[in-house]
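Reading through the structure tokens given below for one structure.
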2 protein chains.
Amino acid sequence: MTINLKQLSEMLGLSQTTISRALNGFPEVSAQTRSRVLKAVRETGYRPNRAAQRLATGRAGSLGLVMPIAAGVDSDVHFGEFLAGLGEEAIKHDFHFVINPSAPEDEAGMVRRLAASGNVDALYIAYVRRDDPRIPLLHTLNIPFMVHGRAVDQSVHDYPFLDIDNTGAFHDATRLLIQLGHRRIGLINGPAHFAFAIRREKGMKKALVENGLPFDETLVHHGQMTDSFGHQVMERLLDGPNPPTAILCSSTVLALGAVRALDRRGLKLGRDMSLIAHDDELPMLKPENFSVPLTTTRSSLRAAGARIAERMISRVLQNGDPAEQELWRTELIVRDSTGPAPRGH
Amino acid sequence: MTINLKQLSEMLGLSQTTISRALNGFPEVSAQTRSRVLKAVRETGYRPNRAAQRLATGRAGSLGLVMPIAAGVDSDVHFGEFLAGLGEEAIKHDFHFVINPSAPEDEAGMVRRLAASGNVDALYIAYVRRDDPRIPLLHTLNIPFMVHGRAVDQSVHDYPFLDIDNTGAFHDATRLLIQLGHRRIGLINGPAHFAFAIRREKGMKKALVENGLPFDETLVHHGQMTDSFGHQVMERLLDGPNPPTAILCSSTVLALGAVRALDRRGLKLGRDMSLIAHDDELPMLKPENFSVPLTTTRSSLRAAGARIAERMISRVLQNGDPAEQELWRTELIVRDSTGPAPRGH
DNA sequence: CAATCCTCTCAAAGCGCTTTGGACGGCTCG
DNA sequence: CGAGCCGTCCAAAGCGCTTTGAGAGGATTG
């Protein structure tokens with residue numbers, strides 16, 4: 001139903017070439033012709049067919065991402081926030097994104113198919129694992145890509161990524177707790193196979209070791225970043241033989257559950273228990289709005305999304321970014337959920 | 001770098017036609033040839049170029065959605081959950097989706113462009129307004145579409161949608177509160193221009209009227225569905241001259257903030273104040289995990305996403321769905337956040 | 001044994017765009 | 001005045017696939 005180039009060219013008595021050039025800003029079209037074309041486009045509502053455009057040019061303004069999904073698997077709150085950042089930037093350059101849902105176990109296959117399908121200009125991957133097979137795979141695939149995060153033990157190093165300094169963040173947070181006199185510190189972390197979780201644990205461990213404190217594995221728990229998991233772990237820790245006096249949480253969502261467990265027992269945050277959470281700046285859950293405002297390590301997930309889109313797009317448009325690697329430091333924001341360790345410990 | 005049909009056909013000494021047919025399951029290819037082709041495909045990693053496929057067939061297995069986005073606008077937690085449902089179903093049919101970010105004020109324009117661009121087979125719209133201009137627009141656009149929700153005052157009625165019975169949900173919830181003896185009931189709702197918010201308010205009003213109770217506008221508040229807004233409204237209501245004894249919340253996220261306001265004042269949920277929230281089944285925030293488990297009107301957003309994908313795909317594949325309209329009833333799940341109205345009221 | 005029917009394969013057209021390699025006037029310049 | 005140039009425009013090729021219409025060869029039929 002929608003009009004195409006050929007029809008438009010017949011209407012105007014011009015060649016398809018001229019119209020194409022007029023639309024794409026080539027200089028060899030007279031001003032008069034160009035405005036005639038633009039007027040006709042406005043009136044007819046003509047839009048170039050993207051598939052044809054892509055076939056002809058090899059690119060069509062789209063970023064690809066694979067979204068891990070499965071019937072039983074929970075969706076991730078952080079995904080929406082990240083997408084918002086990505087979109088915010090993409091819209092400036094008239095890019096859209098193609099989301100391919102994929103079973104978690106087939107992510108590598110989906111990446112490969114997405115790249116070969118030829119309908120994305122660049123690829124994005126996240127939820128990086130320790131030694132993520134997708135990274136070497138992408139290297140062989142000959143398509144621009146960006147990694148959100150970075151692998152831990154891997155021979156491949158020269159790939160473009162944006163990551164936050166997870167180790168540094170949790171190192172700093174732990175050090176603050178130690179300075180406040182805490183000796184037993186718990187960690188409620190994300191799933192153990194994710195690189196960010198590995199690094200956060202590492203940062204915590206490092207600070208403990210630097211200060212001559214033991215690292216107690218029983219205080220560390222990995223799982224889904226949900227309210228329920230935070231609650232469950234906190235309960236378990238409090239019921240343990242020798243509960244910690246401070247807790248690190250990998251997300252404010254986990255903190256939500258953890259705090260609830262404290263409330264239920266009448267324990268006061270910042271006095272009976274200190275807590276520092278990592279804050280991705282989810283708009284629906286602000287650390288300053290907790291009953292006791294939360295001390296956090298802060299880094300905007302949305303800003304990361306925007307930056308990643310920016311870099312992918314500039315690579316696609318050939319404006320550089322030769323495998324640049326970016327590591328963002330997080331901010332340690334001290335609020336009321338941290339306080340001196342209770343006596344008797 | 002990736003191999004194409006022509007190269008593959010030369011490798012095998014077969015025509016492109018035969019390979020295409022072998023791959024797409026046409027009967028007129030001998031079993032032997034077919035398996036030879038499949039073997040070669042496996043070995044070379046050949047994938048048909050989607051853009052070419054789309055150009056040739058007119059379809060390419062993609063659903064389009066526009067995502068409202070802007071620099072200052074918060075991302076919506078519910079979006080990710082919905083997307084999960086959509087993806088879960090899409091993957092079964094090897095569909096992907098194309099997300100076009102759009103400034104909220106240009107959503108109609110983006111819908112039009114997306115339809116004309118020809119790179120989606122069907123369109124999805126959500127965040128329906130009272131009299132949403134996108135619906136009549138889609139009607140003229142000659143592309144399959146699905147509306148999540150439905151408009152309120154609109155001359156156009158014959159479009160395919162999936163909606164939940166928002167009026168019924170809040171009617172039932174309100175009736176329960178009235179039966180428990182509540183006379184003053186507050187409502188913390190989503191943004192006032194959204195159809196779902198309008199219907200929820202209507203449902204509440206209806207129950208009040210049916211029971212001869214007055215509808216007090218000062219107890220109704222509209223805004224972003226965030227923790228902060230829930231908290232802010234609850235504080236304001238409690239500080240008012242004649243506070244309600246029960247509250248309806250349009251989301252568990254709003255309830256989160258509202259409950260926090262109650263906790264801060266030492267008010268006990270289910271005793272000093274009753275609360276019913278609408279529950280979209282966000283995995284990160286379960287009503288049964290609140291300090292006092294929440295009574296809710298429940299409906300799975302994820303299931304809605306899956307169903308919408310299913311219907312769009314079946315329309316694209318010509319398997320029917322002649323403008324079918326679906327209205328899902330919600331379940332009223334009674335937990336501990338509702339109780340008899342306190343005496344003295 | 002010729003006529004017919006399958007079975008399997010192919011060449012070529014076409015989807016809607018971009019881009020290459022001219023072509024055609026009207027200028028300027030020596 | 002003819003060579004060269006510039007400003008505009010165009011015809012046609014090509015992107016990688018699907019699909020139409022046909023053909024070659026072998027099997028089946030009367």
Side-chain angles (χ1 to χ4, degrees), chain A residues 1-38 40-41 44-62 94 113 115-121 143 317-318, chain B residues 1-38 40-41 44-62 94 113 115-121 317:
Chain A
M1 194 86 309
T2 59
I3 192 173
N4 64 20
L5 224 206
K6 188 173 175 192
Q7 292 164 10
L8 192 65
S9 77
E10 283 163 2
M11 276 181 53
L12 288 171
L14 286 170
S15 75
Q16 302 185 32
T17 310
T18 302
I19 297 180
S20 174
R21 297 207 143 142
L23 257 34
N24 295 323
F26 282 70
E28 58 268 76
V29 177
S30 71
Q32 190 203 336
T33 305
R34 190 187 302 273
S35 68
R36 247 185 85 212
V37 170
L38 291 178
V41 165
T44 57
Y46 166 76
R47 294 284 156 190
N49 178 304
R50 287 276 203 171
Q53 223 166 15
R54 156 162 284 283
L55 196 56
T57 60
R59 83 196 111 75
S62 60
D94 198 25
R113 266 169 284 161
S117 79
N119 65 10
V120 298
D121 297 324
I143 182 173
L317 303 179
Q318 311 286 11
Chain B
M1 194 86 311
T2 58
I3 191 172
N4 63 21
L5 224 206
K6 189 173 175 193
Q7 292 163 8
L8 191 65
S9 76
E10 283 163 3
M11 276 181 52
L12 288 171
L14 285 170
S15 74
Q16 302 185 32
T17 310
T18 303
I19 297 179
S20 173
R21 298 206 142 142
L23 256 34
N24 295 322
F26 281 70
E28 58 268 77
V29 178
S30 72
Q32 189 203 335
T33 305
R34 191 187 302 273
S35 70
R36 246 185 86 210
V37 169
L38 291 177
V41 164
T44 58
Y46 166 77
R47 293 284 157 191
N49 179 303
R50 286 277 202 171
Q53 222 164 17
R54 155 164 284 284
L55 197 55
T57 59
R59 82 196 114 73
S62 61
D94 197 25
R113 266 169 283 159
S117 79
N119 64 10
V120 298
D121 297 324
L317 303 179

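Chain letters run A, B, ... following the sequence lines, proteins first, then strands; residues in each count from 1.
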The contact string for nucleotides 14-23 of chain D, one letter per nucleotide 5' to 3', using protein heavy atoms under 4.0 Å with B, S and - for base, sugar-phosphate only and none, comes out as BBBBBBBB--
I'd like to know if B:Asp121 and B:Arg50 make a salt bridge, using a cut-off of under 4.0 Å between side-chain N and carboxylate O. no
Spell out, as yes or no, whether a donor-acceptor pair under 3.5 Å connects the side chain of [X] to the backbone of [Y].
X	Y	answer
B:Arg47	A:Gly118	no
A:Arg36	A:Leu12	yes
B:Thr57	B:Gln53	yes
A:Ser62	A:Asn119	yes

Whole angstrom value for the distance that separates P of C:dG22 from CD of A:Glu28: 16 Å
To the nearest Å, give me how far apart CG (A:Leu12) and C1' (D:dC10) are. 15 Å
pair A:Ile143-A:Val120: side-chain heavy atoms closer than 4.5 Å: yes
For the residue pair B:Gln7 and B:Thr44, establish whether any side-chain heavy-atom pair is separated by less than 4.5 Å. no
Establish, with yes or no, whether the OP1 or OP2 oxygen of D:dC9 is under 4.0 angstrom from a side-chain nitrogen or oxygen of A:Ser30. yes
Dot-bracket for DNA chain C, please, read 5' to 3', with Watson-Crick or G-U wobble pairs under 3.5 Å on both distances, ( ) within the strand, [ ] crossing, | other strand, . unpaired. ||||||||||||||||||||||||||||||
Gap separating the CD1 atom of A:Ile19 from the CG atom of A:Leu8, nearest 0.5 angstrom: 4.0 Å
